[in-house]
Amino acid sequence: MTLTLTDELSAIVGAAFAKAGLDPALGRVRPSDRPDLAPFQCNGPLAAAKAAKKNPRALAETVAGGLKAHPAFESVAVAGPGFINLTLRDAFLAEKLDALAGDSGCGGWRKDEAETIVIDYGGPNVAKPLHVGHLRSAIIGESLKRLFRFAGDAVYADVHLGDWGLPMGQLIAELRRERPDLPFFDPAFDGPYPEKPVVALEDLERLYPQASAACKADPARAEEARQATAELQAGRAGYRALWRQFVEVSRAAIEREYADLGVSFDWWKGESDADPFIPELAQMLRAQGLTEISDGAEIIRVAREGDAREVPPLILFKSDGSVLYGTTDLATILERKRAVDPARILYVVDQRQALHFEQVFRAADRAGLFPLDRLEHLGFGTMNGKDGRPFKTREGGVLKLRDLIDMVDARARERLAEGGLAEGYPEEEVADIARKVGVAALKFADLSSPRTTDYVFDLDRFMAFEGRTGPYLLYASVRIRSVLRKAAERGAGAPGPIRIVAPEERDLALALLAFGDATRLAFEKRMPHFLCEHAFGLAQAFSKFYAACRIADESDAATRASRLSLAAAVGRQLDRALDLLGIAVPERM
RNA sequence: GAUCCCGUAGCUCAGUUGGAUAGAGCGCUAGCCUCCGAAGCUAGAGGUCACAGGUUCAAAUCCUGUCGGGAUCGCCA
């Protein structure tokens with residue numbers, strides 16, 4: 001396991017606490033709230049004073065006294081009621097930076113024991129076009145996948161298509177009304193079913209809303225759909241064959257759109273893949289006496305003493321025998337255990353489904369299927385429109401992901417033209433750059449607020465390309481690359497050991513060395529926005545450094561070599577951070 | 001109705017679980033390209049942290065209440 005900078009400093013300060021007869025855990029060092037005084041601080045003396053009923057200021061002085069001789073610190077000062085302000089020696093920073101420059105992980109944190117992880121994206125539904133509601137799960141999930149892999153885990157990302165519920169029955173029933181002549185609907189048919197899909201993507205996109213509306217308006221139609229669902233799940237051959245076509249057609253489209261966002265999966269499984277595990281699951285639950293019949297449905301109770309509010313039981317089998325997604329989610333856990341025996345399963349799904357997962361997790365835990373603390377629902381907030389309500393188009397409909405991608409793409413092209421960037425580049429490259437810029441804007445906007453909160457989707461703001469945006473980061477990355485390329489062309493010489501001479505270099509050094517804490521925090525909290533914060537801070541520190549210091553044409557050879565190393569290290573780390581966010585960087589722009 | 005989340009600068013949002021002078025981006029004002037990419041950099045104005053109590057050396061953060069917004073609450077996913 002790599003030690004982050006604050007870990008290392010905490011260990012040093014903790015030892016000084018221990019020497020003073022205090023709890024070393026109180027020596028926790030963190031970035032300072034007052035960077036004008038010192039870059040790091042330790043507030044431990046205040047807590048220690050409370051516990052020991054002593055004067056915090058005096059304790060701070062004692063601890064600080066034990067630290068002053070340490071080679072890492074330029075100064076150790078006690079301030080206010082008992083804060084210890086820590087400033088690091090430039091030589092110490094330079095040494096750390098040289099190590100970081102040679103590290104394949106760019107100074108990022110890695111864990112020491114790898115786990116096998118499954119990430120569940122709570123999948124899109126077959127037949128429903130991807131819409132903006134699917135965006136967050138894809139973007140956040142992709143970043144977490146990369147982050148966990150970076151930390152050392154073996155990750156299986158499973159799109160987990162919604163391909164087994166009522167919508168499937170609705171589609172079947174709808175198509176049967178429209179084209180009753182198809183062999184799929186003839187129970188007596190025994191020949192081979194058509195291999196070529198009888199429906200196209202456009203058919204599905206038309207049929208589903210149609211069916212859904214009909215079921216809402218007419219109970220008889222709803223009953224038809226319910227029956228078709230039950231028959232599909234019971235294994236009616238024609239329905240299964242037809243359903244396979246739905247899935248096939250739908251999946252191809254879904255895969256393409258995710259690819260445009262730079263999102264990919266290791267598994268394209270669906271709820272239906274868990275179906276064969278349902279009998280065994282039911283058996284397991286019944287054998288333990290966990291199920292009961294209630295109003296004709298078979299349920300498992302998951303309420304507990306002390307629940308603040310009532311947690312309803314999970315319905316395993318509806319009164320008509322068909323299953324709900326809670327059942328398939330449980331069966332999927334069993335399926336995954338058999339497949340890769342994961343240490344944890346992460347569900348990157350809308351926060352509004354928290355109760356559902358609470359039910360599933362408790363049921364899994366009660367059944368001895370999977371421990372509660374290793375099933376994590378990583379919920380996220382909704383993407384709202386400017387009115388503060390879930391994002392809708394002007395017409396009040398749901399914005400398709402395809403349309404969103406096109407909008408972002410077009411806007412990125414406009415902005416490139418306005419800014420006079422990418423001028424004279426081949427058309428193919430301009431298209432590639434526009435796509436990358438647009439996706440970066442979208443992803444950074446989505447990832448930069450804490451996962452759990454709602455955020456307002458404002459295309460104009462995201463695509464402004466100034467300030468705290470994805471394009472700013474791409475710009476910084478591309479600029480570093482360009483500077484280094486030109487330096488090489490001019491014969492600026494080889495990079496050399498890093499030495500800090502300007503204050504902007506010191507700030508940049510601290511920004512680089514914060515990567516360990518950022519990656520660790522992002523991993524432990526499962527919160528990619530810490531990576532965004534880091535990437536922005538790093539890019540900003542570089543811009544300041546760039547504005548203040550010459551690099552390629554610096555006259556002092558040693559300083560020039562140092563700055564070339566520094567710039568290269570920033571470029572590599574920035575690209576790495578962007579990679580962990582799932583943001584691709586163009587060569588130039 | 002019950003439970004949970006939220007209310008911070010004109011706008012969009014952070015705030016590392018109780019610490020110093022509450023931060024960032026946008027927008028606004030004033031500057032910086034004969035010099036490695038100005039989508040950049042520098043400086044400035046802008047706050048009763050919804051409101052009222054309480055806990056303590058210390059509260060945007062913890063507790064209570066009020067107001068306002070949102071989410072969820074057994075056979076949809």
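In what follows, chains carry the letters A, B, and so on, assigned in the order in which the sequence lines appear, proteins first and then strands, with residues in each chain numbered from 1.
- Proximity of A:K486 to the phosphate of B:G37: a side-chain N or O atom is located under 4.0 Å from OP1 or OP2.
- The phosphate of B:U16 has neither OP1 nor OP2 within less than 4.0 Å of any side-chain N or O from A:K525.
- Side chain A:S482 to base B:G37: a donor-acceptor pair is found below 3.5 Å.
- For the pair A:Y455 (side chain) and A:T382 (backbone), a donor-acceptor distance under 3.5 Å is absent.
- Using cut-offs of 30° and 60° for the angle between ring planes, the A:Y546 and A:F542 rings count as parallel.
- Residue contacts shown for A:L37 include a base, since a base heavy atom lies under 4.0 Å away.
- Within the nucleic acid shown, A:D33 comes within 4.0 Å of at least one base atom, counting heavy atoms only.
- Contact annotation: A:Y475 does not reach the phosphate of B:C41 (side-chain N/O to OP1 or OP2, under 4.0 Å).
- Atom CZ of A:F357 and atom C1' of B:C4 are 18 Å apart (whole Å).
- Nucleic acid contact for A:N85: base, since at least one base atom lies under 4.0 Å from a heavy atom of the residue.
- Regarding contacts with the backbone of B:A14, a side-chain N or O of A:T453 is found under 4.0 angstrom from either OP1 or OP2.
- For A:R461, no side-chain nitrogen or oxygen approaches OP1 or OP2 of B:G27 to under 4.0 Å.
- Taking side-chain N and O atoms only, A:Q540 has no distance below 4.0 Å to OP1 or OP2 of B:G40.
- The aromatic rings of A:Y325 and A:H356 lie parallel to each other, with less than 30° between the two planes, well short of the 60° mark.
- Taking the O4'-C1'-N9-C4 or O4'-C1'-N1-C2 dihedral as appropriate, B:U72 has a value more than 90° from 0 and is therefore anti.
- Proximity of A:Y325 to the phosphate of B:A77: no side-chain N or O atom is located under 4.0 Å from OP1 or OP2.
- Nucleic acid contact for A:L421: base, since at least one base atom lies under 4.0 Å from a heavy atom of the residue.
- The CG atom of A:L355 sits 7 Å away from the P atom of B:C73 (whole-angstrom rounding).
- Looking at A:R309, its side chain has no donor and acceptor atom pair within 3.5 Å of the base of B:C4.
- At the heavy-atom level, A:L474 lies nowhere under 4.0 Å from the strands shown.
- Using a 4.0 Å heavy-atom criterion, one finds that A:D307 contacts no nucleic acid atom at all.
- Spacing between atom CD of A:E524 and atom C1' of B:U16 amounts to 12 Å, rounded to whole angstrom units.
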